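Treat the numbers as computed from the prediction; the structure is a model and nothing was measured. Remember, it's 1-based here, ligands and their atoms both numbered in the order they're listed. Quick note: residue numbers are just sequence positions, from 1.
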Amino acid sequence: MKGSLRAVFLTGAGVSAESGVPTFRGEGGLWRNFRPEELATPGAFKKDPWLVWQWYDWRRKILSGVRPNAGHRALSEIEKEKGAEGCTLITQNVDGLHQGAGSTNVLELHGSIWRLRCVLCAAAAENREVGLEEIPRCACGGLLRPAVVWFGEQLPEEVITAAVEAAGKADFMMVIGTSGVVQPAASLAVRAKENGAYVVEVNTEATPLTSIMDVTLQGRAGDILPLLL
Ligand code: BJW
Ligand code: ZN
């Protein structure tokens, strides 16, 4: 991992699973029979903002009590060893655990659950309160929403632009703990591979991305990533 090779790590919910954060899909990943495709949408928020907020408040409560795990820590160590310039961490996670572990060159493709944004005036601010009794509101009166990316919404332009560039220039990409079904995140791995990167997957299960991988490491991120050090 040392030297001038450009490494990109693309992570998903599986990297936080060992911290006790539920994943989206698969066993134990659902909430009240909803699928993310049904709750994480602008339409769902428009129809029933309180229902969507209850989901986010439940998740923020869980997140406020968890800590980064050995997988997050290993990625932060790798960044320290290699230097942040040659080491880009692209995450789909909104939990902030990579930064909590000390990673600095982090691209949050799907935003952050700890930032709220007004649906009327777009004012945004960090907010870590949990245990909501009603929908939070902006000073302008508009409803506040989590500053995350829902289905059908564009990813933050500067973030996806930087991620596409990093993936295209990568010599090495490791894809960790993502089901690889959500776009455009999953296509970053394809882009890296097509541009000549050596691609490695770390996952407890096979995914739609497995077939393009040079190497697949089947197992838990928290067990496998520390071995890279
Ligand atoms: C372990 C482990 C352990 C467990 N160790 N591993 C092209 C084709 C078809 C559709 C589209 C397309 N382009 C765009 C779309 C539409 C859509 C999309 O992708 N749909 C597909 C589902 C079909 N995409 C979008 O709408 C995106 N926007 C967009 O493209 O804008 C332009 C556009 C607009 C309109 C039309 C067309 C284009 C936005 C996507 C936003 C996703 N948002 C969410 C919610 C974020 C906020 C929140 O957190 O609440 O992001 S959904 C949810 O899924 C969340 C995640 O980041 C994302 C990915 O999930 P992830 O991380 O992969 O988790 P899981 O649970 O799925 O998988 C966990 C994995 O870990 C599993 O594989 C386990 O095996 C593994 N694992 N424990 C290692 N210990
Ligand atoms: Zn406002």
Report summary line: Residue set satisfying side-chain hydrogen bond (donor to acceptor under 3.5 Å, both in side chains) with Thr104, at least two apart, ordered chain then number -> Glu79

Requested in this report: Could you tell me whether the side chain of Glu153 reaches within less than 4.5 Å of the side chain of Pro42, counting heavy atoms only?
Outcome: yes

Output, or 'none' if empty, a list of ligand 1-protein atom pairs in which both atoms are N or O and the distance is under 3.5 Å, rounded to 0.1 Å.
residue	atom	partner	partner atom	Å
ligand 1	5 (N)	Ala221	N	2.9
ligand 1	19 (O)	Gln183	N	2.7
ligand 1	19 (O)	Gln183	O	3.4
ligand 1	24 (N)	Gln183	O	3.0
ligand 1	26 (O)	Gly152	N	2.7
ligand 1	28 (N)	Glu153	O	2.7
ligand 1	31 (O)	Glu153	O	3.0
ligand 1	43 (N)	Val149	O	2.9
ligand 1	49 (O)	Arg59	NH2	2.7
ligand 1	50 (O)	Tyr56	OH	2.5
ligand 1	50 (O)	Arg59	NH1	2.6
ligand 1	50 (O)	Arg59	NH2	3.3
ligand 1	51 (O)	His110	ND1	3.1
ligand 1	54 (O)	Arg25	NH1	3.2
ligand 1	54 (O)	Arg25	NH2	3.2
ligand 1	57 (O)	Gln92	O	3.0
ligand 1	57 (O)	His110	ND1	2.8
ligand 1	60 (O)	Arg25	NH1	3.1
ligand 1	62 (O)	Ala13	N	2.8
ligand 1	63 (O)	Thr178	OG1	2.6
ligand 1	63 (O)	Ser179	N	2.9
ligand 1	63 (O)	Ser179	OG	3.2
ligand 1	66 (O)	Phe24	N	2.7
ligand 1	66 (O)	Arg25	N	2.8
ligand 1	67 (O)	Arg25	NH1	2.6
ligand 1	67 (O)	Ser179	OG	2.6
ligand 1	68 (O)	Ser179	N	3.3
ligand 1	71 (O)	Gly177	O	3.2
ligand 1	73 (O)	Asn203	OD1	3.4
ligand 1	73 (O)	Asn203	ND2	3.0
ligand 1	75 (O)	Asn203	OD1	2.6
ligand 1	75 (O)	Thr204	OG1	3.2
ligand 1	77 (N)	Thr204	OG1	3.4
ligand 1	80 (N)	Glu18	OE2	2.8

Report task. Give a yes or no answer on whether the side chain of Asn127 reaches the backbone of Leu116 with a donor-acceptor pair at less than 3.5 Å. Result ->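 Answer holds: no.
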
**Report entry** Test item: Asp171 side-chain N/O and Ala197 main-chain N/O as donor-acceptor pair under 3.5 Å
**Finding:**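 Here the side-chain-to-backbone pair does not exist.
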
Report summary line: In this structure, the Zn ion (ligand 2) sits at the vertex of an angle between SG of Cys138 and SG of Cys121 that rounds to 10° as 110°

Query raised in the report: Where the Zn ion (ligand 2) is the centre, what is the SG-to-SG angle for Cys118 and Cys140, rounded to 10°?
Result: 100°

Query raised in the report: In the hydrophobic clustering that connects Ile, Leu, Val, Met, Phe, Trp and Tyr at side-chain heavy-atom distances below 4.5 Å, which members other than Phe151 occupy its cluster, ordered by chain and number?
Result: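 Members besides Phe151, by chain and number: Val181, Val182.
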
Report task. Any chance you could lay out the side-chain contact (heavy atoms from CB on, under 4.5 Å) test for Thr178 and Thr11, step after step, and finish with the verdict? Result -> CA-CA 6 Å; Thr178 175; Thr11 68; over 6 Å; no

Query raised in the report: Restricting to pairs with a member in residues 106-123, which pass side-chain hydrogen bond (donor to acceptor under 3.5 Å, both in side chains), not counting sequence neighbours?
Result: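 Pairs touching residues 106-123 that pass the test: Gln99-Glu108.
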
